[in-house]
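First up is the structure itself, then whatever we jot down about it.
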Amino acid sequence: MKILGIETSCDDTCVAIYDESKGIIANEICKQDKIHNLYGGIVPELASRNHMKNIIPLIKKTFKISKTLYHEISGIAYTAGPGLIGSLLIGATLSKSLGFSWNVPTKKINHMEGHLLTPMLENKKILFPFTALLVSGKHTQIINAISLGNYKIIGNSLDDAAGEVFDKISNILGLGYPGGKKISKLAKKNNSKNIKFPRPMTKNNKDLNFSFSGLKTFVINEISKININNYQIKANIAYAFENAIVDTLIIKIKRALKLTKHKNLIISGGVSANHKLRSKMSKIFKKKNINIFYPSKNLCTDNGAMIAYAGMLHFKNSLTSNFDLEINVYPKWLISDIKY
Ligand code: KG4
Ligand code: ZN
């Protein structure tokens, strides 16, 4: 079985083919960073216009690279939400059109489920149930993953997501978009550990939710007091900020694992590429005999392989195949509301 995966929930146009026996046979991406960097964040209208421009050439390239013929595809999986409505519509409309012309079924995939399942794509030893931390540009969520398609959100961001705060602080420090990797690189140049930022919403022992907007304001206030051209002070702030985010995520995950009692932990989404997060998490949870699984760095951020893989699991799981031509997308679709 070969599944074509199409991901256009945000700014990157992503197409992949997942082969049931060989795994990922192509995973192509057309990034829009340079376009949105000019504005300090994603401009939705520009994102959808560029998806429109990029998607057909990218699909052709994906087939060429994987040496796959169109008639070898058994199904098409596409991101139907959550995400930007204009961007989602490009992927959904094209997927439905290809499904109709090739006479193959299509499957709507939840973007966050794509992130959640990514480590399973690479490591077949990971089995349900497990606890997952999904940290991306739009979400910070802790999930109790019971079985395929059965997920409970046990912790959620009340305002800015972790990745979003990385991006905003990066802009204010003059580093550009997307900010996570840039802040991380700058933080490595710190020469003082004297700056301390709060670990928000960690006082109440039972709370699993996140609120990073107060931390963002705190850091912005601190930046307003410094000379923005002083590279060293900026590096010290980046270091303190990265630690505050990472420590908060760790405190909440420890609590979540006490509740779920799971021994397997998945960390996924764009921010899971963060080196400090990975090293601190691994050190702490190794002592507690918790197995942590991360995606490879190239699969942390948005990609088509995660959508193709989630599609393959759901195609195999459901007896009915969808050939209808109705195009629906769900900008606020929660992972806990998945129904297949
Ligand atoms: O999962 P993703 O590609 O898109 C969404 O679904 O939102 O995540 C993108 C986010 C951005 O906010 C980016 O700054 C962040 O992931 N990110 C990182 C790192 N690499 C990407 N954050 C911290 N450290 C990184 N190394
Ligand atoms: Zn994502």
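Everything numeric here is computed off the predicted structure, so don't read it as measured data. Just follow the structure's listing: the first ligand is 1, and inside any ligand the first atom is 1.
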Query raised in the report: So which of the N, O or S atoms of Asp302 lies nearest the Zn ion (ligand 2)?
Result: OD1
Query raised in the report: Of all N, O or S atoms in His115, which has the smallest distance to the Zn ion (ligand 2)?
Result: NE2
Below 4.0 angstrom from a heavy atom of [X], which ligand 1 atoms are there? Numbered from 1 as shown, please.
| X | result |
| --- | --- |
| His115 | 1 (O), 6 (O) |
| Lys138 | 7 (O) |
| Gly163 | 12 (O) |
| Ala273 | 26 (N) |
| Gly179 | 14 (O) |

For ligand 1, find out whether one of its N or O atoms is nearer than 3.5 Å to an N or O atom of [X].
| X | result |
| --- | --- |
| Asp302 | yes |
| Gly270 | yes |
| Gly137 | yes |
| Ser184 | no |
| Phe166 | no |

Taking atom types as modelled, find out whether [X] and [Y] have a side-chain donor-acceptor pair closer than 3.5 angstrom.
| X | Y | result |
| --- | --- | --- |
| Ser157 | Gln141 | no |
| Thr260 | Thr131 | yes |
| Glu7 | Ser9 | yes |
| His51 | Thr8 | no |
| Ser211 | Asp159 | yes |
| Asp302 | His111 | yes |
| Asn236 | Asn190 | no |
| Glu242 | Asn274 | yes |

Requested in this report: Please step through ring-ring contact (aromatic ring centres under 6.0 Å, His included) for the pair Phe197 and Phe218, ending with a clear verdict.
Outcome: CA-CA 8 Å; Phe197 292 132; Phe218 199 106; 5.8 Å; yes
Query raised in the report: Short check: any N/O/S atom of Cys10 below 2.8 Å from the Zn ion (ligand 2)?
Result: no
Closest approach of any protein heavy atom to [atom], naming residue and atom:
| atom | answer |
| --- | --- |
| atom 6 (O) of ligand 1 | His111 NE2, 3.1 Å |
| atom 11 (C) of ligand 1 | Asp167 OD2, 3.6 Å |
| atom 24 (N) of ligand 1 | Asn274 ND2, 3.1 Å |
| atom 23 (C) of ligand 1 | Gly180 CA, 3.4 Å |

Query raised in the report: Salt bridge check: are Glu20 and Lys316 linked by an N-O gap of less than 4.0 Å?
Result: yes
Requested in this report: Using a strict cut-off of less than 4.0 Å between a Lys/Arg side-chain nitrogen and an Asp/Glu carboxylate oxygen, indicate whether Lys31 and Asp11 qualify as a salt bridge.
Outcome: no
Query raised in the report: Heavy atom under 4.0 Å from ligand 1: found in His139's side chain, backbone, both, or neither?
Result: neither
Query - Test item: Asn37 side-chain N/O and Tyr177 main-chain N/O as donor-acceptor pair under 3.5 Å - result: yes
Report summary line: To atom 5 (C) of ligand 1, the nearest of Cys300, Pro178, Ser136, Pro82 on a heavy-atom basis is Ser136
